[in-house]
Amino acid sequence: MNGGLDLFIDADDTLWENARYFHVARDHFIQELAGHGFLESRVRSELSKSESQRLARSDFGSSGLAASMHTTAAVFDTALADDLRPRFRELSDQVRHHDILAFPEVPETLDELGKRHRLHLVTMGDHKEQLDKLERSALLPRFSTFEIMPDKTPASYLALVRHHGISNEDRHQAWMIGNSLKKDIEPAAAVGLSTAHIPSAVRLPAFFEESERRPDLSFKSFSCLKIHF
């Protein structure tokens with residue numbers, strides 16, 4: 001395809017729902033420990049602390065959640081934490097294998113955008129877990145390329161634009177589109193990409209939202225992209 005823009009598009013919570021399944025698993029975990037006599041508010045606080053530490057080490061996805069559950073439970077009772085390990089694995093597996101359901105109008109919007117621009121899917125996390133999501137989504141054929149990064153950092157975005165031959169002068173004409181200010185907007189803008197933010201339908205952990213960098217554009221839904229682009 002000649003002409004058009006390079007549109008780099010995030011996957012989880014931009015194309016389909018993901019964060020809600022983590023919320024459900026966390027709630028089940030908290031109720032599990034509450035059933036053993038531990039205060040819900042303290043369990044939630046300890047889980048949040050453990051998850052924040054793992055996210056800071058780029059330990060994303062369902063396996064990181066299971067590990068955080070075990071670490072949190074061990075704060076209260078190490079023997080109980082070991083006994084409940086199969087339950088933590090069960091909860092994390094439910095997150096890992098949840099149905100991949102595209103948000104309303106996502107397939108139609110991608111079809112429209114693909115007529116005018118080059119679409120690149122860009123996600124991060126465990127390669128096997130993310131690839132499984134992409135393949136189950138049925139959206140992958142709508143993209144020219146896809147990239148699974150261990151983490152979204154300025155260095156990984158720089159490698160991305162260089163791989164696609166986007167010069168320093170042309171980077172502002174390429175766009176990163178996603179729901180996370182911290183991972184989609186901030187590091188992409190740091191290497192000169194233009195950015196568009198589509199807020200997540202549910203609350204994300206603060207780790208993904210704490211950023212002073214504002215996007216160039218913000219849209220209330222994914223379908224707005226076909227109007228602007």
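Keep in mind it's a predicted model, so treat the numbers as computed, not measured.
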Under 3.5 Å, side chain of [X] to main-chain N/O of [Y], donor-acceptor pair present?
X      : Y      : result
His197 : Asn179 : yes
Arg171 : Val191 : yes
Thr72  : Ser68  : yes
His120 : Phe8   : no
Asp13  : Ala19  : yes
Arg116 : Phe229 : yes
Ser156 : Thr153 : yes
Ser92  : Arg89  : yes

Residues [X], [Y]: salt bridge by 4.0 Å N-O rule:
X      : Y      : answer
Lys226 : Asp111 : no
Asp27  : Arg44  : yes
Lys152 : Asp10  : yes
Arg54  : Glu51  : no

For [X], does the [atom1] atom sit with more than 12 other heavy atoms under 6.0 Å from it, leaving out its own atoms?
X      : atom1 : value
Arg162 : CZ    : no
His163 : NE2   : no
Arg203 : CZ    : no

Can Glu129 and Ser62 be counted as having a side-chain donor-acceptor contact under 3.5 angstrom?
yes
Are side-chain N/O atoms of Thr195 and Arg213 paired as donor and acceptor at under 3.5 Å?
no
Start with the C-alpha distance between Asp82 and Arg85, add both sets of side-chain angles, then the distance that settles salt bridge (Lys or Arg N to Asp or Glu O under 4.0 Å), and finish with yes or no.
CA-CA 5 Å; Asp82 290 340; Arg85 196 186 291 272; 3.3 Å; yes
Are the side chains of Glu212 and Leu181 in contact, using a 4.5 Å heavy-atom criterion?
no
Min side-chain heavy-atom separation Leu134-Phe143 under 4.5 Å
no
Please confirm whether Phe38 and Phe76 have ring centers closer than 6.0 angstrom.
yes
Quick one: sort the Phe208 and Phe60 rings into parallel, tilted or perpendicular, breaks at 30° and 60°.
tilted
Say you draw a straight line from NE2 of His36 to CG of Asp83; how long is it, rounded to the nearest 0.5 Å?
8.5 Å
Please determine whether residues Leu47 and Leu84 belong to a single hydrophobic cluster, defined as Ile, Leu, Val, Met, Phe, Trp and Tyr linked transitively by side-chain heavy-atom distances below 4.5 Å.
yes
